[in-house]
Amino acid sequence: MAGRASAIRVGLAYVLRGGPTEEGIPARVRAEIDAREARAERLIGWVQLAMVLFFAVLYSLAPRAEGAGGFNFVPIALAAYFLFTLLRLSLSYRIQLPNWYLLVSIGVDIALLCGLIFSFHIQYGQHPTFYLKAPTVMYLFIFIALRALRFDPRFVLTTGLAGLIGWGALVAYALLSDMGAMRITRNYVEYLTSNAILLGAELDKAMIILGVTGLLSVALYRGRQILFDSVRDHAAAEDLKRFFAPEVARSITDADVALSAGQGEVREVAVLMVDIRGFTKIAASLEPQTVMRVLAHYQEEVLHVIAAHGGQVDKFLGDGILATFGAVAPSDRAAADGVRAARALVPVFERLGPELKTLGWPETMRFGAALAFGAVTVGVVGADDRLEFTVIGDPVNRAAKLEDANKTQHSTALTDRKTFAAALHQGYEGPPAEERPGVEIAGVARPVDLVVLA
């Protein structure tokens with residue numbers, strides 16, 4: 001018994017809060033959901049404004065129906081609703097409409113509709129049962145459907161229940177107003193041609209209102225969880241683009257099947273390694289804020305050059321940067337783009353030295369860059385719960401060793417003859433470079449024919 005009561009309380013709480021709990025949803029995701037709901041409210045306002053303008057134009061152009069000799073409430077109701085809709089729409093652009101105001105808006109919608117329906121027996125001088133046969137009640141479904149634009153099922157449920165109560169009040173008034181001129185019948189023909197009330201017909205209308213409201217509400221309760229998940233995933237995908245190259249992020253988020261460790265393929269790729277001389281030793285003596293400020297400025301400048309030449313950052317290695325050309329998407333000019341990027345970094349390095357001193361670095365910073373081209377394996381490594389997109393192969397190791405060789409070669413940017421020849425073959429037309437054949441490089445088994453780019 002206690003378990004059933006607890007389940008009822010949980011279900012009631014689920015209904016009252018409009019679906020899944022917001023616990024655990026980051027504030028920025030919550031803000032995005034609020035922004036979408038605010039846009040939905042503005043859309044609802046514009047649709048309502050279009051509706052009232054349409055009815056106003058239609059009413060002004062169409063001749064008044066025959067037999068309508070009583071007081072006409074329609075112009076007054078349309079004018080009042082038009083002003084209220086304008087107010088609501090203008091407020092929606094200034095503030096986030098509070099829930100109580102939305103409930104008032106729903107009340108105005110239903111009051112307008114029920115008031116117009118009620119006015120028919122006065123306008124046409126008929127018994128109140130006359131308005132029960134008016135097709136105007138069908139507009140209630142438009143008001144219910146409008147609230148579905150917000151993706152908050154509570155407002156759909158409220159609109160449907162308010163409409164049902166309003167219609168029930170109209171039926172009750174017709175039943176109690178004048179029993180002498182009205183009677184309850186079970187004859188459908190008599191119901192249509194007299195002042196009789198067919199309770200089955202009114203029950204059908206009530207069931208249809210409840211059914212439409214219930215189905216839309218259930219759909220929205222389910223859809224709201226999808227909305228939360230979708231917004232959260234969208235925010236995660238946007239964050240992913242900040243941690244990975246945009247092309248890598250898209251390859252992950254747009255994959256037809258879930259990525260798993262071990263997936264990969266062989267491609268011709270240029271690997272660029274960039275590093276700072278003596279960074280670790282000097283950084284140990286500085287404030288962490290200074291170190292991070294210097295790193296952020298250096299990385300931003302270098303990444304701009306790499307991206308401008310079609311490269312993508314594979315990973316940050318402390319003060320080092322590993323970038324690739326032709327890894328994320330195959331390229332027939334990867335080596336040429338890599339050489340252009342390496343050469344474009346040289347003037348950036350020269351400019352960065354003095355700039356970073358002003359940010360707190362104690363001496364003029366020195367940099368090194370090296371490029372290697374060849375076949376690598378491009379793919380996903382790691383475990384099921386921790387994956388990384390990377391490149392594996394000799395060019396990666398060669399680029400790291402060449403970059404380190406900048407120290408002994410007193411150079412800023414190095415590559416090897418094979419890489420430079422590939423760049424020339426792919427259309428590179430930069431200035432000539434100094435060649436240093438047969439150089440012993442630490443960590444490389446055979447002598448390397450170096451090409452000094454700067």
Side-chain angles (χ1 to χ4, degrees), residues 264 266-283 295 298-299 302-303 305-306 309 311-328 331 334-346 348-349 365-379 381 388-426 428 430 433-454:
V266 176
R267 290 179 185 166
E268 294 283 306
V269 171
V271 179
L272 176 67
M273 186 73 70
V274 183
D275 197 23
I276 299 176
R277 296 282 170 264
F279 179 86
T280 303
K281 182 178 179 181
I282 298 175
L295 265 181
Y298 144 72
Q299 290 168 343
V302 172
L303 264 59
V305 173
I306 292 171
H309 291 84
Q312 297 86 33
V313 172
D314 182 276
K315 58 177 64 69
F316 294 100
L317 307 166
D319 59 302
I321 298 174
L322 174 62
T324 60
F325 299 80
V328 178
S331 171
D337 288 341
V339 171
R340 292 189 189 98
R343 277 214 153 127
L345 283 173
V346 175
V348 173
F349 292 158
M365 189 176 283
R366 293 171 293 118
F367 305 88
L371 185 78
F373 176 74
V376 301
T377 299
V378 180
V381 296
E388 182 174 323
F389 184 88
T390 190
V391 292
I392 302 172
D394 176 66
V396 181
N397 179 66
R398 194 156 24 106
K401 301 302 181 183
L402 290 177
E403 195 290 312
D404 194 54
N406 276 309
K407 303 173 188 176
T408 59
Q409 296 299 312
H410 305 289
S411 57
T412 302
L414 279 179
T415 187
D416 55 37
R417 180 180 293 172
K418 175 185 174 182
T419 299
F420 195 71
L424 293 173
H425 179 72
Q426 292 174 3
Y428 175 72
E434 177 190 352
E435 294 193 19
R436 298 178 184 176
V439 178
E440 296 285 344
I441 302 296
V444 180
R446 297 178 181 178
V448 179
D449 295 331
L450 293 180
V451 176
V452 180
L453 300 176

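Computed from a prediction, not measured in an experiment: that's the story for all the values here.
- Taking CG of Leu345 as the start and NE2 of His309 as the end, the distance is 8.5 Å to the nearest 0.5 Å.
- Checked for salt-bridge contact, Asp337 and Arg340 meet the test: a charged N lies under 4.0 Å from a carboxylate O.
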With side chain to side chain contact (heavy atoms under 4.5 Å, CB included) as the test, would you mind laying out the steps for Leu402 and Leu450 before giving the verdict? CA-CA 9 Å; Leu402 290 177; Leu450 293 180; 3.4 Å; yes

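- Note on ring orientation: taking the six-membered ring where Trp is involved, the planes of Tyr428 and Phe420 are perpendicular (angle over 60°, cut-offs 30° and 60°).
- In terms of modelled atom types and a separation under 3.5 Å, the side chain of Asp449 and the main chain of Gly438 share a donor-acceptor contact.
- Distance check: Ile441 CD1 to Thr408 OG1 gives 5.5 Å after rounding to the nearest 0.5 Å.
- The nearest pair of heavy atoms linking Val266 to Ala375 is CG1-CB, 4.0 Å.
- Here the side chains of Val376 and Thr324 are not in contact, with every heavy-atom distance at 4.5 Å or above.
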For side chain to side chain contact (heavy atoms under 4.5 Å, CB included), just list the numbers for Lys315 and Val313, CA-CA rounded to whole Å, side-chain angles, deciding distance to a tenth of an Å, and then say yes or no. CA-CA 6 Å; Lys315 58 177 64 69; Val313 172; 5.7 Å; no

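- Within the 4.5 Å cutoff, no side-chain heavy atoms of Val339 are placed close to those of Val451.
- A donor-acceptor distance shorter than 3.5 angstrom exists from the side chain of Gln426 to the backbone of Ala336, with no hydrogens or angles considered.
- Here the closest non-hydrogen pair linking Val305 and Ala344 is CG1-CB, 3.8 Å.
- Under the 4.5 Å side-chain criterion, counting only non-hydrogen atoms from C-beta, Phe349 is in contact with Val302.
- Under the 3.5 Å distance criterion, the side-chain polar atoms of Asn406 are matched with a main-chain donor or acceptor of Ala369.
- Across all their heavy atoms, Arg417 and Pro437 have their closest contact at NH2-CB, 3.9 Å.
- When atom types are taken as modelled, the side chain of Glu403 and the backbone of Met273 share no donor-acceptor pair closer than 3.5 angstrom.
- In this structure, Gln299 CD and Ile306 CD1 are separated by 10.0 Å, a value rounded to the nearest 0.5 Å.
- Side chain of Glu268 to backbone of Phe373: no donor-acceptor contact under 3.5 angstrom is found.
- Closest of all the heavy-atom pairs between Asp319 and Leu295 is CA-CD2, 3.9 Å.
- Panel note: side chain Asn397, backbone Asp394; no donor-acceptor pair is recorded below 3.5 Å.
- Side-chain contact check for Val448 versus Arg398: every heavy-atom pair is 4.5 Å or farther apart.
- With hydrogens and angles disregarded, a donor-acceptor distance shorter than 3.5 Å links the side chain of Arg436 to the backbone of Gln409.
- In this structure, Leu272 and Ile321 have side chains that are not in contact, with every pair of non-hydrogen atoms separated by 4.5 Å or more.
- The two atoms that bring Ala399 and Ala370 nearest to each other are O-CB, 3.5 Å, heavy atoms only.
- Minimum interatomic distance between Leu453 and Arg343 (heavy atoms only, all atoms of both residues): O-NE, 3.2 Å.
- Val269 is not listed as a side-chain neighbour of Val396, based on a closest heavy-atom distance of 4.5 Å or more.
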